[in-house]
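Count residues from 1 along the sequence. The structure presented is a predicted model; accordingly, all values stated were derived computationally and were not measured.
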Amino acid sequence: MDRLKGKVALISGGARGQGAAEARIFAREGAKVVVGDVLDDQAAKLANEINAAHGTRVAASLRLDVTRAADWRGAVAACEREFGGLDILVNNAGIYNVSDIEETSEELWDTVVNVNQKGVWLGMKESVAAMRRRGSGSIINISSIYGLVGSPASAAYHGTKGACACSPRLPRSAMRPKRSE
């Protein structure tokens, strides 16, 4: 308990499944949680459930389409406005497709790449400045064993999860404020 006391976490794809479990655990460990998802109603329901369980406002929800930089900027701004900052980003949002590579359309490929790969990058890009303002931060990019092994039925998913599994580690120096020229 209280392992994350005083921390503010933004969880993409947080309305259900693994993201919802993360939101509940983070709140139980003392964090304030912002649940971002395209599933607006489910995200709001989860935030209300978490708040009721804690007897106070420790969770908020918002619409977050991870493929849109403007949505990420709005989510980070909401963390700062609602809870005073951003300490933890959990890039959890993702989509899975089942399609042989020969049957995967370019449109499907682009959709999976935009959510699972571009969305992770945008989340990191838009969160770092807020974490700098707090003096530190943690970014957790959720990947999958499918980032390391292949199968014939979901090439786009495998490729994007492999990209997330190989995300660079952010050095401590990246958290230092940028110098003005």
Task: Test salt bridge (charged side-chain N to carboxylate O under 4.0 Å, His left out) applied to Arg68 - qualifying residues, sequence neighbours left out - done: Asp71
Task: Residues forming a salt bridge (charged side-chain N to carboxylate O under 4.0 Å, His left out) with Arg134, sequence neighbours excluded - done: Asp87
[X] and [Y]: which non-hydrogen atoms are nearest, and at how many Å?
{"X": "Ala93", "Y": "Asn116", "value": "O-OD1, 4.4 Å"}
{"X": "Val33", "Y": "Ala27", "value": "CG2-N, 3.8 Å"}
{"X": "Leu10", "Y": "Cys79", "value": "CB-SG, 3.8 Å"}
{"X": "Leu86", "Y": "Ala9", "value": "CD1-C, 4.3 Å"}
{"X": "Ala43", "Y": "Val35", "value": "CB-CG1, 3.9 Å"}
{"X": "Ile50", "Y": "Ala59", "value": "CG2-CB, 3.8 Å"}

Open item on the list: If we ignore hydrogens and angles and just use 3.5 Å, is the side chain of Glu29 paired with the main-chain N or O of Leu4 as donor and acceptor?
Closed with: no
Task: Check: Asn141 side chain, Asn91 main-chain N or O, donor-acceptor pair, under 3.5 Å - done: no
Task: Contacts of Ala44 that satisfy side-chain contact (heavy atoms from CB on, under 4.5 Å) - sequence neighbours left out - done: Ser61
- [ ] With sequence neighbours left out, write down each residue that passes side-chain contact (heavy atoms from CB on, under 4.5 Å) with Glu102, or none if nothing qualifies.
- [x] none
Distance from [X] atom [atom1] to [Y] atom [atom2], nearest 0.5 Å?
{"X": "Phe83", "Y": "Lys7", "atom1": "CZ", "atom2": "NZ", "result": "16.0 Å"}
{"X": "Leu108", "Y": "Ile95", "atom1": "CG", "atom2": "CD1", "result": "7.0 Å"}
{"X": "Ile88", "Y": "Lys32", "atom1": "CD1", "atom2": "NZ", "result": "12.5 Å"}

Task: Within-4.5 Å side-chain heavy-atom neighbours: Thr67 and Val115 - done: yes
Open item on the list: Side chains of Glu22 and Ile142, heavy atoms from C-beta outward: is any pair under 4.5 Å?
Closed with: yes
Task: Residue pairs involving residues 36-57 (criterion salt bridge (charged side-chain N to carboxylate O under 4.0 Å, His left out); sequence neighbours excluded) - done: Arg24-Glu49, Asp40-Arg63, Arg57-Glu82
With the 4.5 Å side-chain cut-off for hydrophobic clustering, are [X] and [Y] part of the same group?
{"X": "Val128", "Y": "Leu89", "result": "yes"}
{"X": "Val38", "Y": "Val113", "result": "no"}
{"X": "Tyr96", "Y": "Leu39", "result": "no"}
{"X": "Ile139", "Y": "Val8", "result": "yes"}

Could you list the donor-acceptor pairs under 3.5 angstrom formed by side chains in residues 118-126, with sequence neighbours left out?
none

